[in-house]
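Got a structure for you, written out below as structure tokens; questions coming shortly.
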Amino acid sequence: MPRYDAKRIETKWQTYWDQHETFKTGEFVEGKEKLYVLDMFPYPSGDGLHVGHPEGYTATDIVCRHARMQGKQVLHPMGWDAFGLPAEQHAIKTGTPPRITTQKNIDTFRRQLKMLGFSYDWSREFSTTDPEYFRWTQWIFLQLFESWFDPENEWTGPDGKKRVGRARPISELPIPEKIKFAGEEAIRHYQNRNRLAYQHEAPVNWCSALGTVLANEEIIDGKSERGDHPVERIPLRQWMLRITKYGDRLIDGLEGLDWSESIKSLQKNWIGRSEGAEVDFFIGSENQTTDLDQAFETWKSTRAASGFSEEPEADVLRIYTTRPDTLYGATYMVLSPEHPFVDRLTIADQKQAVEAYRQKAALKSDLDRTDLAKEKTGVFTGSYAVNPVNGARIPVWIADYVLISYGTGAIMAVPAHDLRDWEFAVEFSLPIIPVVQPADNYEPSKDELALETEIDGEKRTPFSGMGTAIHSGEFDGMKTADFKKQITANLIEQGVGKGAVNYRLRDWLFSRQHFWGEPFPIWHELDAEGKITGLMRPDPEESLPVELPDLKEYKPTGTPEPPLSSAPEEWLYKTDSDGTRLYREVNSMPQWAGSCWYYLRFADPENNERFVDLRNEQNWLPVDLYIGGGEHAVLHLLYARFWHQVLFDLGHVTCAEPFQKLVNQGMILGDVELTGFQTADGTWVSSKAVEESDEFDTGWIEKSSGKPVSILSLESDQVQKQGEDFTLVDDSTIYVNSRAYKMSKARGNVVNPDFVVEQYGADSLRIYEMFMGPLEATKPWSMSGLDGVSRFLGRVWRLMIEERDEEVTLSAAVTDDAPSEEQLRILHKTIKAVTEDIEKLSLNTAISRMMEFTNAMGQQKSRSKAVLSEFVLLLSPFAPHIAEELWSVLGNTESLAYQPWPIYDESLLQESIVEIPVQVNGKLRSKVSVAADADQATMQQAAEQDETVVKFLEGKTIVKAIVIPGRMVNFVVK
RNA sequence: GCCGGAGUGGCGGAAUGGCAGACGCGCUGGAUUCAAAAUCCAGUGGGGGUAAACCCCGUGUGGGUUCGAGUCCCACCUCCGGUACCA
């Protein structure tokens, strides 16, 4: 019985922790160091936990258990991100209300997490689907709704940092005189247009198969991320959040954060800030009668006096460019097909062609647009615009390579210096004027060369780099960077342009046509005919939460009308105190909403007065360590930071950034698979002669014949290494594939944590996942690796427990004698290494250090109890169950969860004699033993006397001897 | 294409510019056993040499810096992840 019995021990200690509320975070203690460690909370899917979850959870658990033993107060909560599609789709199929399914899944997840022995404070658990939680999600939405962004506001936050731009209450929005004059309704509409949460009629990605509108982020290659269904673009009234206003703040805020450079750059790229200029090109008034060139002169002088207007007037096309220095090379303009000026600029002769082109563009899904990306298409409108810098008349085209959603939806085309414009100009024989001279030693890039074209008998390529201005009037000879600054200044002076910043980031499409999401706390005013007027009334704060109605049917309506539109009348309509009929907003919030602020709620989960008490927020925030999968590196983190910054601007939270340190755990792949290929008649085909193909069920074909090949799983003894690759043992010309794949049901390589715990125990699973490799690396699973760590725990057990006894008793080898110097040295080396490794999150090496300890102690006939006790403490964050059990067998009556973490003594680390390497000319030739504290002369002398070294020094002169005390000796000889 | 990251034994992976391959898996041999499981001990990068001593080669490729490079610099190759008409 006293063999290491994981199941018995683990159940015992999990019950103990539960009963004693061992990991409940108490009231915040002033002056005691705090640590807030958070896992990205899971979506409780019906499949239960997979082995990827415990990877991050174990890492945070180790950090927390370690921190508690160091005397810190630790906040380590867990909850559920439980709104989302799967529960709704299950409801559609079975009629089971999503709340029921969700609850069941949460129960499974909780059971599994407890089974793994994580030290969460379960008293703080909540789900985003709890009305008491989403009450505050709705409240935060109202904060966004009731605010606008003032880009000019300069202010100093509670963190003492100066910022420009701030969210302010909508009541403080300055109303232009014109609008004030138009009356109350106009003012309300104006406010609506400026809110951080606003409604917008926009082409959205409608997926009829899912019966919903999708965010750009939910679409991959023009198909839905979920289910791979086709997506088309249709116009719809949608909720948007004005995240673009926070573009700069979201970039600047990254600076002080302890995040990997790669995630920071991922976020920066996503935001995609670019600097350039907006420039107005004169097109004349709508029914221009006088000559365009003459009108242009008048316009120029008017502009010189009035300056550049905030909004473009009707007589100009406003463009955005990052290369204002190429203005002289603009030879045509392009509008996106959706641009509002297309109609008025299209002359009668071109109407038909333009209309046809627009139709085609509108029908194209994103997929088609990218598919046809190779070829440039477009139509001339028949109209011209005037280049403000040189008065040149240039034709205005429409083309779908210009997107309505970026910049101003219109561009000036400079074919000589932009690859896309070049392609278009070549296609439609438009003039190409070079205005930037590359440096003398310039070689065209691959992309540029690919576009090489013969024009007028001469081979020419576009040039998209920087250089010196030519054909640019007074600016000739200027360097690109200087020219940009200079011309931007000139444009402002002449009132025809200004410096501008653009973002790749778009405003956040914040509504979904789902049942299983947070309802919006918004009512729409209806007019006498029951039509939506565009004016809105928020639910008063005190009436929150707006709960979901009971529905009989969860099916999508099949139209973009959300399922909530079939809610009972009394949920959908009400008459306000002033007699206005109101209709409830029937969209719901996206799944991101709940995860945007859950980290705040954990600091104060039961507060009925506020989303989080300010004091609690100040005490616990920011999150000191946040660990989760890389799939959230962009969106979740960007969205949560955005909400947080708005709350910060409005004074609801006091720290500017929510997540101080972020770590992305790597993905765990399935076991490595060796795959061979065979034709139908059973002949082997080399993996180098096959390729993937959708044509046949096997998914692979032989390249030469195009015939399908079947795939065969091989055992490791059937293959051998050959160079970089593997081949069959029987035939070294037949290469086979060797790689690990993502775990998936389809591939059948999913590892179930329940199974692993059943077989090996939770401690083994925890240690194995940490031992696999660096936390952030992608790593393949290996069942035999689990045997290894399981053996290690068995060895630890036998260090202390007498297996042959009936009862769990201390082994006779464990004594109360004073530890030997050697045992102490081993212990203190281990303490030092493990402590430092935990701090670096280098958990795989921490475990290997403990293995070394175990191996060394196993050799000792008599083992000091004191030494073993300290070791058990070191092991406890990693394998808490076995550690608690051993701790109690060692004679302790209380949990070790709050025992002081062992401290190493530097003086005990030193060995008295060390073996140091001796090199000659940098090559290792021998090793000599010297006293650890030997000085340079002694070391050099010892090295020179070494037999082998003498041989290498014979007949040579020592030019130089490099001696590093305690480390090495190197002789440079001639 | 662009932006990140990574290339080290049969495998997962270690190495503040200072003994490459810690630790684990796998494999080989041995002990224990009637036998097995479990456990313990020894060996295990490649080549040469007598399975000794010892020597040569070796961290994707080519160059460089350095007394000394897996580690730093330059160029390139391959793989993985993200992204893509963003003006």
Exercise for the section: State whether the distance check finds a donor on one side and an acceptor on the other, under 3.5 Å, for side chain A:R967 versus base B:U16. Expected result: yes

Completion exercise
By side chain to side chain donor-acceptor pair (under 3.5 Å), A:N664 pairs with (sequence neighbours left out) none

Practice task
May I ask which nucleotide in the shown strands pairs with B:A51, Watson-Crick or G-U wobble, both distances under 3.5 Å?
Solution key: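 With both distances under 3.5 Å required, B:A51 matches none.
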
Exercise for the section: Would you tell me if any nitrogen or oxygen in the side chain of A:Q859 comes within less than 4.0 Å of OP1 or OP2 on B:C40? Expected result: no

Handout entry: Phosphate-side-chain proximity, A:Y320 and B:A87, N/O vs OP1/OP2 below 4.0 Å
Key = no

What are the atom names and distances for every N/O pair under 3.5 Å that joins the protein to nucleotides 2-9 of chain B?
residue : atom : partner : partner atom : Å
B:C3    : O2'  : A:N269  : ND2          : 3.1

Practice task
Remember a base hit wins even if backbone is also touched, and classify A:E278 as base, sugar-phosphate or nothing at under 4.0 Å, heavy atoms.
Solution key: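 It contacts nothing in the nucleic acid.
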
Practice task
Tell me which nucleotide among B:G18, B:C85, B:C40 gets nearest to the side chain of A:K376.
Solution key: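 Among the listed nucleotides, the one closest to the side chain of A:K376 is B:C85.
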
Exercise for the section: Report, as yes or no, whether the 6.0 Å neighbourhood of atom CD on A:E915 holds more than 12 heavy atoms from other residues, nucleotides or ligands. Expected result: yes

Problem - RNA chain B: 5'-proximal contact among A:N502 and A:K960 (nearest heavy atom) - result: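 Going by which nucleotide is closer to the 5' end, it is A:K960.
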
Problem - Partner residues of A:S464 under the side chain to side chain donor-acceptor pair (under 3.5 Å) criterion, sequence neighbours left out - result: A:E448

Problem - Complement of B:G9, any strand, by Watson-Crick or G-U distances under 3.5 angstrom - result: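 Pairing partner: none.
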
Exercise for the section: Output yes when at least one side-chain N/O atom of A:N844 is less than 4.0 Å from OP1 or OP2 of B:A14, else no. Expected result: yes

Fill in the blank from the handout: Re B:A42: Watson-Crick or G-U wobble partner, both distances kept under 3.5 Å, found to be B:U28

Handout entry: side chain to side chain donor-acceptor pair (under 3.5 Å) partners for A:S784, two or more places apart
Key = A:S782

Problem - Protein-nucleotide distance (A:E915, atom CD; B:G18, atom P), rounded to Å - result: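 Those two atoms, CD and P, are 18 Å apart.
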
Practice task
Give the ring-plane orientation class for A:F483 versus A:Y328, where under 30° counts as parallel, over 60° as perpendicular and anything between as tilted.
Solution key: tilted

So which protein N/O to nucleotides 23-29 of chain B N/O distances come out below 3.5 Å?
residue : atom : partner : partner atom : Å
B:G24   : OP1  : A:N855  : ND2          : 3.0
B:C25   : OP1  : A:R791  : NH1          : 2.9
B:C25   : O2'  : A:S784  : OG           : 2.8
B:G26   : OP2  : A:R791  : NH1          : 3.4

Practice task
Determine, for nucleotides 69-79 of chain B in 5'-to-3' order, which nucleotides have protein heavy atoms under 4.0 Å from the base (write B), from only the sugar-phosphate (write S), or from neither (write -).
Solution key: -----------

Fill in the blank from the handout: Taking for A:T408 and for A:F971 the nucleotide of RNA chain B with the nearest heavy atom, the one nearer the 5' end belongs to A:F971

Can you name the atoms? Protein N/O to nucleotides 59-64 of chain B N/O, anything below 3.5 Å, with the distance.
none

Practice task
Let me know the distance between CE of A:M939 and P of B:G18, rounded to the nearest Å.
Solution key: 15 Å

Problem - A:T675: side chain to side chain donor-acceptor pair (under 3.5 Å) partners, not counting sequence neighbours - result: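 Side chain to side chain donor-acceptor pair (under 3.5 Å) check on A:T675 returns nothing, list empty.
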
Handout entry: With A:A59 via side chain to side chain contact (heavy atoms under 4.5 Å, CB included) - residues at least two apart
Key =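 Per chain and number, A:A59 pairs via side chain to side chain contact (heavy atoms under 4.5 Å, CB included) with A:I627, A:M770, A:L775, A:L843.
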
Handout entry: Any-strand Watson-Crick or G-U partner of B:C2, both distances under 3.5 Å
Key = B:G82

Problem - Test side chain to side chain contact (heavy atoms under 4.5 Å, CB included) applied to A:S744 - qualifying residues, sequence neighbours left out - result: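 If we apply the side chain to side chain contact (heavy atoms under 4.5 Å, CB included) test to A:S744, skipping adjacent residues, the hits are A:A746, A:R747, A:N749.
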
Practice task
Would you mind classifying the nucleic acid contact of A:T778 as base, sugar-phosphate or nothing, using non-hydrogen atoms under 4.0 angstrom?
Solution key: sugar-phosphate

Practice task
Report the distance from atom CG of A:L674 to atom P of B:G12, rounded to the nearest whole Å.
Solution key: 11 Å

Practice task
Take the protein atom CD1 of A:I964 and the nucleotide atom P of B:U16, then report the distance between them rounded to whole Å.
Solution key: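 From A:I964 CD1 to B:U16 P: 15 Å.
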
Handout entry: Ring-face cation contact, A:Y741 with A:R739, 6.0 Å cut, 45° max
Key = yes

Identify all pairs in which a protein N or O lies below 3.5 Å from an N or O of nucleotides 52-57 of chain B, and state each distance.
residue : atom : partner : partner atom : Å
B:C56   : OP1  : A:R925  : NH1          : 3.3
B:C56   : OP1  : A:R925  : NH2          : 3.4
B:C56   : OP2  : A:R925  : NH1          : 3.1
B:C57   : OP2  : A:K923  : NZ           : 3.1

Problem - Donor-acceptor under 3.5 Å (A:Y760 side chain, A:V789 main chain) - result: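 No, the answer is negative, given that no donor and acceptor are paired below the 3.5 Å cut-off.
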
Exercise for the section: Determine the contact category for A:S274: base if any of its heavy atoms lies under 4.0 Å from a base atom, sugar-phosphate if only primed atoms, P, OP1 or OP2 are that close, otherwise nothing. Expected result: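 Sugar-phosphate, no base atom in range.
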
Practice task
Identify the nucleotide, in any strand shown, that forms a Watson-Crick or G-U wobble pair with B:G17, with both distances under 3.5 Å; if there is none, say none.
Solution key: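 WC or wobble partner does not exist here.
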
Exercise for the section: Identify which nucleotide among B:A84, B:G13, B:A87 has an atom closest to any side-chain atom of A:T322, counting heavy atoms from C-beta outward. Expected result: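 Looking only at heavy atoms from C-beta outward on A:T322, the closest nucleotide is B:A87.
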
Completion exercise
Residues pairing under salt bridge (Lys or Arg N to Asp or Glu O under 4.0 Å) where one sits in residues 778-794 of chain A, two or more places apart or in two chains, turn out to be A:E55-A:K779

Problem - Whole-Å gap separating P (B:G17) and CG (A:N970) - result: 18 Å

Practice task
Find the distance A:I319:CD1 to B:A87:P and express it as a whole number of Å.
Solution key: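 Atom CD1 in A:I319 sits about 12 Å away from atom P in B:A87.
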
